[in-house]
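Worth knowing before you read on, the calculation uses all heavy atoms, side chains too, and leaves out hydrogens, waters and symmetry mates. Both counts, for ligands and for their atoms, begin at 1 and track the order of listing.
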Amino acid sequence: MTLPFLPFTRPEIDESAIAAVADVLRSGWITTGPRAQAFEAALSSLFGGRPVRCFSNGTATLEVALRIAGIGPGDEVITTPLTWVATANVIVAVGATPVFVDVDPVTRNLDLDAVEAAITPRTRALMPVHLAGLPVDMDRLAAIARRHSLRVIEDAAQAIDARWVSPGSVGRVRGVEEGQRIGAIGDLVSFSFQANKNLTCAEGGCLVFNTEEEAARAERLRLQGIVRSGWDGLEMDEPGGKSNLSDVHAAIGLAQLDRLPEITARRAQWAAQYLERLNASGLQDLGVELPTPLASVGGITNWHLFQVVLPAERLSGGRAAVMRHLKEAGIGTGVHYPAVHLLNFYRRQGWRPGQLPIAERIGRGTLTLPLFPAMSEADVERVCQQLDHACRLLLS
Ligand SMILES: Cc1ncc(COP(=O)(O)O)c(C=O)c1O
């Protein structure tokens, strides 16, 4: 019997999301309107009442965040090479320079000692990524930013419902064992609701602010910079872009938001099964690294991705051979991500292999295994068996 193909991810679209979209389509108002506003209000509650504005995608969200923070030509922004290219590209898009620093081998997030060492008089902001939904050390990050008067633009594209338990918050926050959500703390925090994300609008994003003034400016920047239009005439103070979220997309997001606790819990269940099964398999003795569920102090991952790191150099045919083996067994996998500083464009800016050895090694070996709420225990078992088989076959 041939088993159905198991993709590495699949969005959680249920009948309520389909009905909500149909309602919008029938309503006569399909662009930004009441659903987008309701989505923003619901997200604001999720993030402890902080101001939130939605955008058409997470890349636009990050770019607006940089503009709000006043980042431009001549400025340096410190970020990680282990991310989707969008993180670095938006820094270039506003005319600033991304400064990549290496990552911690266990969390695969920015190495905060390396961050501090890379700060120069031109550094204006830090742009950490909570890779795969595992938070960076939010306390240390905030302390570094304070010490050097830097803005923090968190690329939390993958981190909806991830949490940070600050040791300092014990006794102060209700339900501290669950920590505070990423987005409920921090400076400017950017999320993506692209199709693969734990919570999706098909495409979309949101930005969380400290002040209503910054939120109001972002609202203008997402719609051409218009400050007034209609009977009072048209006025614009600074040119903006076009990155508003439509009600069609917002309706999908709203439907998903209701199910976020269930979505997060299911992911954690499959991740726990993967960890138990792969820990027992002995693959680690062959040099395969498993993801850690723990950030250095108190980060709680949302298990956006479950990634192993393969010893790529010792695999006959490299990582691609493992991916091919899994594909032939009906299992989809992904690569998130090759180190960004080694892509052609960044090499032309002077980045070279060997400069960020940990990120480069992880970038060569990282492999994303299937993880999404609707998969089953048997699916996880099948992936583990096939991964084990492929590694033993191809490792020398
Ligand atoms: C880490 C990271 N940053 C930025 C983005 C950009 O988001 P979007 O695809 O919604 O533009 C993504 C997602 O694709 C991402 O994973």
Could you tell me, atom by atom, which parts of ligand 1 come under 4.0 Å of a heavy atom of [X]?
| X | answer |
| --- | --- |
| Thr87 | 3 (N) |
| Ala86 | 4 (C), 6 (C) |
| Thr83 | 1 (C) |
| Gln194 | 9 (O), 10 (O) |
| Thr59 | 6 (C), 7 (O), 8 (P), 11 (O) |

State whether the shortest distance between N or O atoms of [X] and N or O atoms of ligand 1 falls below 3.5 angstrom.
| X | result |
| --- | --- |
| Glu203 | no |
| Gly58 | yes |
| Gln158 | yes |

Specify the protein heavy atom at minimum distance from [atom]: its residue, its atom name, and the distance to 0.1 Å.
| atom | result |
| --- | --- |
| atom 5 (C) of ligand 1 | Trp84 CD1, 3.7 Å |
| atom 3 (N) of ligand 1 | Asp155 OD2, 2.6 Å |
| atom 15 (C) of ligand 1 | Ala157 CB, 3.4 Å |
| atom 14 (O) of ligand 1 | Lys197 NZ, 3.1 Å |

* Should the pair Glu289-Arg361 be classified as a salt bridge under the 4.0 Å nitrogen-to-oxygen rule? ->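 Salt bridge: yes.
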
* Indicate yes or no: does Glu238 engage Arg217 in a salt bridge with an N to O separation below 4.0 Å. =>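 Here Glu238 pairs with Arg217 in a salt bridge, since their nearest N and O are under 4.0 Å apart.
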
* Say whether Trp164 and Asp139, considering side chains only, have a donor N or O and an acceptor N or O under 3.5 Å apart. =>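 Looking only at side-chain atoms, Asp139 and Trp164 do form a donor-acceptor pair, the distance falling under 3.5 Å.
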
* Asked: Does a donor on one side chain and an acceptor on the other come within less than 3.5 Å for His341 and Glu360?
  ->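 Side chains of His341 and Glu360: pair found under 3.5 Å.
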
Evaluate whether atom [atom1] of [X] has more than 12 neighbouring non-hydrogen atoms of other residues, nucleotides or ligands under 6.0 angstrom away.
| X | atom1 | answer |
| --- | --- | --- |
| Leu394 | CG | yes |
| Glu381 | CD | yes |
| Arg266 | CZ | no |
| Gln349 | CD | yes |

* atom 7 (O) of ligand 1: which of Ser192, Ser56, Ala60 has the nearest heavy atom? ->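 Result: the heavy atom closest to atom 7 (O) of ligand 1 is in Ser192.
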
* Asked: Does ligand 1 have any atom that is closer than 4.0 Å to a heavy atom of Tyr337?
  ->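 Per 4.0 Å heavy-atom rule, Tyr337 contacts ligand 1.
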
* Asked: In terms of ring plane angle, is the pair Phe8 and His336 parallel, tilted or perpendicular, where the classes change at 30° and 60°?
  ->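 Ring orientation of Phe8 relative to His336: tilted.
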
